[in-house]
Amino acid sequence: MFRVSIQAEPFDLAEEHWALSTLGSDIGAVISFVGQVRDEVLELEHYPAMAIRQMEAVLADARARWPLKGATLIHRYGRLEVGAPIVLVLTASSHRQAAFEAAEFLMDWLKTRAPFWKRGADGWVEAKASDDAASARWGT
Amino acid sequence: MFRVSIQAEPFDLAEEHWALSTLGSDIGAVISFVGQVRDEVLELEHYPAMAIRQMEAVLADARARWPLKGATLIHRYGRLEVGAPIVLVLTASSHRQAAFEAAEFLMDWLKTRAPFWKRGADGWVEAKASDDAASARWGT
Amino acid sequence: MTGPEPVTLLYFAWVRERIGVQTEQVALAGPTTVGALLDDLAERSAGHAAALADRSRLRAAVNQDFVGWDHAVTSGDEVAIFPPVTGG
Amino acid sequence: MTGPEPVTLLYFAWVRERIGVQTEQVALAGPTTVGALLDDLAERSAGHAAALADRSRLRAAVNQDFVGWDHAVTSGDEVAIFPPVTGG
């Protein structure tokens with residue numbers, strides 16, 4: 001099961017995890033990454049059509065690189081309080097290395113390619129060079 | 001919050017995740033790894049005193065290497081059905097890279113140093129050279 | 001006789017704020033590039049000029065794919081201009 | 001007069017199954033090493049001999065830390081012998 005969602009509502013980690021962990025008897029590893037709002041309330045703007053198109057493309061890319069049994073990408077938008085979950089990446093595979101690498105790849109990619117913009121109390125958040133560097137290591 | 005548990009009972013991913021994600025306003029990333037039983041029912045034997053001692057030691061090692069805000073290690077023992085969760089590694093940090101690296105380190109270590117032994121339908125499971133290689137990359 | 005389909009511009013984050021609109025449509029005189037289109041757009045208002053002045057702080061997408069400044073723009077394209085993304 | 005405290009042996013997985021017990025205690029004549037102790041243990045029974053024959057398939061811990069075969073064993077130690085671990 002491979003799924004992308006862009007939504008204002010929170011997601012249910014346990015439910016999303018369950019959906020992947022029960023995909024079959026050959027699932028050996030399920031990894032979740034949750035990014036959450038640090039330190040200040042954020043407003044997330046996004047470019048809906050491009051975001052969904054690009055997130056589906058990167059999921060296809062991840063499937064071509066690693067033997068995944070399932071993966072879920074959820075990105076939220078709108079006003080998000082401190083501690084609120086922003087993004088969920090879930091990967092399921094027979095082996096942990098594939099699940100770990102795919103989850104890192106998907107997160108690095110989301111940071112540098114998914115068209116979302118955060119605004120905090122002091123204005124628009126600046127992009128970080130470290131995110132570009134993290135993304136560059138995958139050679140995309 | 002840093003916690004190690006060795007238990008026969010299942011764990012509650014959502015509850016364990018919540019415990020770390022709510023540790024403070026500086027938590028930006030929470031990662032979970034769940035290893036689960038593939039393909040055949042397993043019986044897990046372990047060396048309780050050494051397991052708890054070694055798991056606490058590796059958690060201290062991870063804390064010294066990465067700026068973690070919290071981490072949880074849970075390993076189950078006893079009879080485990082196909083699809084049952086065996087192991088949970090949770091890491092929480094301000095930044096995703098620390099959380100990812102620490103989670104991978106902890107899992108690689110658990111595979112090669114935690115005194116647990118799996119028995120399946122065809123007898124005792126053999127250790128994998130690939131796990132030794134994965135562990136060796138951390139230079140421990 | 002109707003002319004060729006216009007190009008749809010989309011702006012996000014502080015680019016949108018400085019220009020003052022989320023979207024606008026422009027007719028092309030002929031085939032152009034993203035960079036040349038931005039030069040034209042910058043003359044539309046002080047807000048456009050301010051938003052589009054420093055190209056090193058901007059990124060572009062044509063039809064929802066990231067592109068460079070020399071990428072072709074043709075009639076009917078959807079062209080988005082925005083700061084480097086900060087999601088995830 | 002009581003003698004020195006014995007060494008406690010612990011066996012796990014197929015080592016335990018072949019030897020037939022989970023734990024046993026042995027008195028040391030004097031300071032030794034894990035490897036030398038295994039040589040002595042192998043003479044206790046056919047099960048011990050079978051379990052301990054191929055040292056490349058065994059790992060050892062003394063007082064709950066992994067050690068090599070030349071590690072010292074002294075009175076009162078807890079010595080565990082087991083196959084490479086397969087948890088996680």
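Quick caveat: nothing in here was measured; it's all calculated off a predicted structure. Values below: all heavy atoms of this structure, side chains included; hydrogens, waters and symmetry mates excluded. Throughout, protein chains are lettered first and strands after them, A, B, ... in sequence-line order, and every chain is numbered starting at 1.
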Write out, in numerical order, the residues from residues 63-88 of chain C with a heavy atom short of 4.5 Å from a heavy atom in chain A. C:N63, C:Q64, C:D65, C:F66, C:E78, C:A80, C:F82, C:P83, C:P84, C:V85, C:T86, C:G87, C:G88

Is the shortest side-chain N to carboxylate O distance from A:R3 to A:E16 below 4.0 Å? yes

Is it the backbone or the side chain of A:A49 that comes under 4.5 Å from a heavy atom of chain C, or both, or neither? both

Minimal heavy-atom distance between A:M50 and A:P115, with the atoms involved, is CG-CG, 3.7 Å

Side chain, backbone, both or neither of C:R59 within contact of chain A (heavy atoms, under 4.5 Å): neither

Can you tell me which of A:K128, A:M107, A:R119 forms the most heavy-atom pairs within a distance under 4.5 Å of chain C? A:R119

Going by atom types alone, do C:E17 and A:W124 pair a side-chain donor with an acceptor below 3.5 Å? yes

Separation between CG of C:L9 and CG of C:L38, rounded to the nearest 0.5 Å: 8.0 Å

Against chain C, label A:E43 side chain, backbone, both or neither, depending on which of its atoms sit under 4.5 Å from a heavy atom there. neither

Mind listing the closest non-hydrogen atom pair of A:T91 and A:A99 along with its distance? OG1-O, 2.8 Å

Show your reasoning for whether side chain to side chain donor-acceptor pair (under 3.5 Å) applies to C:E24 and C:Y11. CA-CA 9 Å; C:E24 61 186 331; C:Y11 307 120; 2.5 Å; yes

Given C:L41, C:L37, C:D39, the one that forms side-chain contact (heavy atoms from CB on, under 4.5 Å) with C:L52: C:L41

Ring pair (Phe, Tyr, Trp, His ring centres under 6.0 Å): which pairs involve residues 62-86 of chain A, sequence neighbours left out? A:H46-A:Y77, A:W66-A:F105, A:W66-A:W138, A:H75-A:F116

